[in-house]
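The structure appears right after this line, and notes come after that.
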Amino acid sequence: QVHLVESGGGLVQAGGSLRLSCAASGRTFSSYSMGWFRQAPGKERDFVAAVSGSGRSTRYADSVKGRFTISKDNAKNTAYLQMNSLKPEDTAVYYCAGTQTRFLSDSSRYSGLYNYWGQGTQVAVSS
């Protein structure tokens, strides 16, 4: 069983920044592609960003492109989501997810691709 634990969520005013972290267990983190998804109250879980196992390839939802940056540090078994210029519509519970499936930009946005999920961390952006 692979465990993912998110941290770094909180309350922030519009225009502010947060950095989310996702700590993973295990020895093969470099082989995992990682994704971030979010779910607002009463809404479906949406794709935010994904990064390949090496960290060299990324994909972003149009709604966050240019504002958010996904990365991973394989030496630390940790993935990150740097969120800048936050908007009230970014308010949601953010989940990290992992998969050993070969990274393909087109498919990385589908939640069904991921085998492992964290419990989520709340991000609230006030106007």
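Along the sequence shown, residues are numbered consecutively beginning with 1.
Pairing each heavy atom of T28 with each of Y32, the nearest pair is O-CD1, 3.1 Å. A79 approaches F29 most closely through the heavy-atom pair N-CZ, 3.8 Å. When every heavy atom of R19 is checked against every heavy atom of S71, the shortest pair comes out as NH2-OG, 4.3 Å. Here the closest heavy-atom approach between residue A24 and residue L4 is recorded as CB-CD2, 3.5 Å. Of all non-hydrogen atoms in L11 and A124, the two that sit nearest each other are CD2-CB, 3.2 Å. Nearest heavy-atom pair, C22 versus M34, reported as atom, atom and distance to 0.1 Å: SG-CE, 4.0 Å.
Taking the six-membered ring where the residue is Trp, F47 and F37 present perpendicular rings, their angle passing 60° and hence far from 30°.
For the pair S52 (side chain) and S57 (backbone), a donor-acceptor distance under 3.5 Å is present. In terms of modelled atom types and a separation under 3.5 Å, the side chain of K72 and the main chain of G53 share a donor-acceptor contact. The main-chain N or O of I70 is found under 3.5 Å from a side-chain atom of Y60 such that the two form a donor-acceptor pair. Panel note: side chain R59, backbone A50; no donor-acceptor pair is recorded below 3.5 Å. Judged purely by atom type and a 3.5 angstrom limit, E6 uses its side chain to pair as donor or acceptor with the backbone of C96. Remark: the backbone N or O of S105 is not paired with any side-chain donor or acceptor of R109 at under 3.5 angstrom. Looking only at distances, a side-chain donor or acceptor of T121 sits under 3.5 Å from a matching main-chain atom of G9.
Side-chain contact, K76 with N74: no donor N or O sits under 3.5 Å from an acceptor N or O. Side-chain atoms of S31 and Q100 include a donor-acceptor pair closer than 3.5 Å.
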Check: Between V123 and T91, does a side chain to side chain contact (heavy atoms under 4.5 Å, CB included) hold up when you go through it step by step?
Finding: CA-CA 5 Å; V123 172; T91 295; 5.9 Å; no
Next item on the list: Just do the side-chain hydrogen bond (donor to acceptor under 3.5 Å, both in side chains) check on D73 and T78 with the steps written out, would you?
Entry: CA-CA 5 Å; D73 186 337; T78 303; over 6 Å; no
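In this structure, CZ on F68 lies 14.0 Å from OG1 on T58, to the nearest 0.5 angstrom. T69 OG1 to N84 CG: the interatomic distance, rounded to the nearest 0.5 Å, is 6.5 Å. Distance check: H3 NE2 to S25 OG gives 5.5 Å after rounding to the nearest 0.5 Å.
Counting non-hydrogen atoms of neighbouring residues, nucleotides and ligands closer than 6.0 angstrom, the CD atom of Q119 reaches no more than 12 such neighbours.
Salt-bridge formation is not detected for the pair D90/K87: no Lys NZ or Arg NE/NH1/NH2 atom is positioned less than 4.0 Å from an Asp or Glu carboxylate oxygen.
Residues V2 and W117 fall into different hydrophobic clusters, defined by Ile, Leu, Val, Met, Phe, Trp and Tyr side chains chained together at heavy-atom separations under 4.5 Å. Y114 is not connected to V51 by any chain of hydrophobic side-chain contacts under 4.5 Å among Ile, Leu, Val, Met, Phe, Trp and Tyr, and they are in different clusters.
Within the 4.5 Å cutoff, the side chain of M83 has no heavy atoms near those of the S17 side chain.
Looking at residues two or more places apart in sequence or on another chain, you find a side chain to side chain donor-acceptor pair (under 3.5 Å) between Y94 and R38.
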